[in-house]
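Worksheet: the structure to be examined is printed underneath.
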Amino acid sequence: MNKDKFLQTGLLEQYILGLTDEEETKIVKDYAETYPEVQSEINQMREALDQYAKQYAVMPPEELKSRVMKGVDQADQRSDTGTAVPGPASSGSNWMGAALMVLLIGASLFLYRGKAAAERDLASLESRHTIFQEECERQKAALQQQQQIFAILNHEATVPVRLHTTGLQANAEAVAYLNGLEKVAYINTGLLPELPSGKTYQLWADVEGEMINMGVLEQQSKGLKAVSYIDHAESLNITIEPEGGSDEPTVEQLIANGEV
């Protein structure tokens, strides 16, 4: 029997009330040792029972002492004389009251467990709802980004630039999209060969003979990548650099370029 089914058997309530036999008591203790959640449930139920007992505790009436002492005196007289002295008879209503108290405490424990379970379920639902909302926000942001990219690609001011291999690496090609009006640039590096560990691609803009960094091209990300837009670029160039990129291009590792 798994933990969840065990918690629904009602054995915990009976155990707390002292109504379990030896075998049932062993079962409860075994589950408590195996599952910390069960031991925690037992501790919480005992605490609830103690609070209930304190809340509804009734102090015995003052005359009870005199009645008890009178009963002790009668017992002494019976011992001395050997005669039976009638004592107060137990009333059936006392047993009924005790039984009702046990039932009331048991019902209270059931309600307590039900409330605790409902609170756990509510917390779980709230957590899942939060995760769902966060995922929706991520999807919404990704969709908005794709819509922006699509709008740029179809913008009349967007200029595609095809970068061809220099021969250093076969089939090293890429396509960049430049929009001078919006000052944005994207590049698709899906056709670039995969690099060994510790190396990365970097994009440069040639402006009047000066190579200006447009960004490192991480191979892990697929599709279009946003890069820096550089005004008055005459050509775009891709080099192989150490991981993290370089301040100056390694011209010997120029693998693709294209005129703007």
Side-chain angles (χ1 to χ4, degrees), residues 121-260:
D121 291 342
L122 178 60
S124 176
L125 286 174
E126 289 177 343
S127 175
R128 282 184 287 178
H129 179 67
T130 300
I131 294 173
F132 177 73
Q133 281 187 318
E134 292 174 352
E135 180 61 26
C136 286
E137 290 298 326
R138 283 193 293 269
Q139 294 292 339
K140 181 180 178 181
L143 178 60
Q144 289 176 343
Q145 184 180 24
Q146 291 300 319
Q147 289 174 337
Q148 292 173 357
I149 293 174
F150 182 78
I152 291 296
L153 295 182
N154 288 277
H155 197 280
E156 58 182 9
T158 297
V159 177
V161 179
R162 183 171 293 276
L163 288 76
H164 300 280
T165 179
T166 61
L168 188 63
Q169 282 198 7
N171 302 322
E173 295 186 357
V175 180
Y177 301 89
L178 309 179
N179 189 301
L181 186 63
E182 300 291 338
K183 305 298 183 183
V184 293
Y186 295 94
I187 187 169
N188 188 335
T189 59
L191 295 178
L192 292 179
E194 188 171 348
L195 291 174
S197 177
K199 296 292 184 180
T200 188
Y201 290 115
Q202 193 165 350
L203 181 64
W204 309 86
D206 183 355
V207 180
E208 297 180 354
E210 181 184 0
M211 295 288 243
I212 302 176
N213 178 28
M214 294 181 69
V216 173
L217 308 177
E218 300 292 346
Q219 288 188 285
Q220 290 80 0
S221 57
K222 302 298 181 182
L224 289 171
K225 304 174 180 64
V227 291
S228 300
Y229 178 83
I230 306 297
D231 279 316
H232 311 300
E234 299 169 4
S235 68
L236 301 183
N237 306 268
I238 297 176
T239 61
I240 299 176
E241 304 293 342
E243 186 175 6
S246 302
D247 294 331
E248 300 291 335
T250 306
V251 180
E252 298 79 8
Q253 294 295 316
L254 179 66
I255 58 124
N257 60 6
E259 293 184 357
V260 178

Within-4.5 Å side-chain heavy-atom neighbours: Glu243 and Val216:
no
Should we count NE2 of His232 as having more than 12 external heavy atoms under 6.0 Å?
no
Could you walk me through whether Leu168 and Glu252 satisfy the side chain to side chain contact (heavy atoms under 4.5 Å, CB included) test, starting with their C-alpha distance in whole Å, then the side-chain angles of each, then the deciding distance to 0.1 Å, before giving a yes or no?
CA-CA 9 Å; Leu168 188 63; Glu252 298 79 8; over 6 Å; no
Can you give me the closest heavy-atom contact between Thr166 and Ala256, atom names plus distance?
CG2-N, 3.7 Å
Could you pull out the closest heavy-atom pair between Leu163 and Gly258, with the gap in Å?
CG-N, 3.9 Å
Is any side-chain heavy atom of Asn154 less than 4.5 Å from a side-chain heavy atom of Thr158?
no
More than 12 heavy atoms from other groups under 6.0 Å of CD on Glu135:
yes
Looking at Gln144, I want to see if its CD is surrounded by more than 12 non-hydrogen atoms of other residues, nucleotides or ligands under 6.0 Å.
yes
Specify the closest pair of heavy atoms between Leu181 and Ala157, including all atoms of both residues, with the distance to one decimal.
CB-CB, 3.9 Å
Crowded around Glu259 CD? As in, over 12 foreign heavy atoms under 6.0 Å?
no
Minimal non-hydrogen separation, Ala176 against Leu236, with atom names
CB-CD1, 3.5 Å
Do Leu125 and His129 come close enough that some side-chain heavy atom pair is under 4.5 Å?
no
Spacing of CD1 belonging to Ile152 relative to CG belonging to Leu178, to within rounding of 0.5 Å:
11.0 Å
Between CG on residue Asn237 and CD1 on residue Ile212, distance to nearest 0.5 Å:
11.5 Å
CA sep, side-chain torsions, deciding dist, call: Gln169, Leu195, side chain to side chain contact (heavy atoms under 4.5 Å, CB included):
CA-CA 11 Å; Gln169 282 198 7; Leu195 291 174; 4.0 Å; yes
Starting at CD1 of Ile255, measure out to OG1 of Thr165 and round the result to the nearest 0.5 Å.
6.5 Å
Please check if the side chain of Thr130 supplies one atom and the backbone of Glu126 the other of a donor-acceptor pair under 3.5 Å.
yes
Less than 3.5 Å apart, any donor N or O on the side chain of Gln253 or Thr239 sitting next to an acceptor on the other?
no
Spacing of Phe150 atom CZ and His155 atom NE2 [to the nearest 0.5 Å]
13.0 Å
Give a yes or no on whether the backbone of Pro193 and the side-chain of Tyr201 come within a donor-acceptor separation of less than 3.5 Å.
yes
Quick check for you: to the nearest 0.5 Å, what is the distance between Met211 atom CE and Asp247 atom CG?
14.5 Å
Applying side chain to side chain contact (heavy atoms under 4.5 Å, CB included) to Asn171 and Leu191, what does each step give before you reach the verdict?
CA-CA 7 Å; Asn171 302 322; Leu191 295 178; over 6 Å; no
Min side-chain heavy-atom separation Asn257-Asp206 under 4.5 Å:
no
Considering all heavy atoms of both residues, which atom of Gly244 and which atom of Thr200 are nearest to each other, and what is their separation?
N-CG2, 4.0 Å
Minimum side-chain heavy-atom gap Thr250-Ile240 below 4.5 Å
no
Using only atom types and a distance under 3.5 Å, with no angle test, would you say the side chain of Gln202 pairs donor to acceptor with the backbone of Asn213?
no
About how many Å separate CG of Leu192 and CD1 of Ile187, when rounded to the nearest 0.5 Å?
7.0 Å
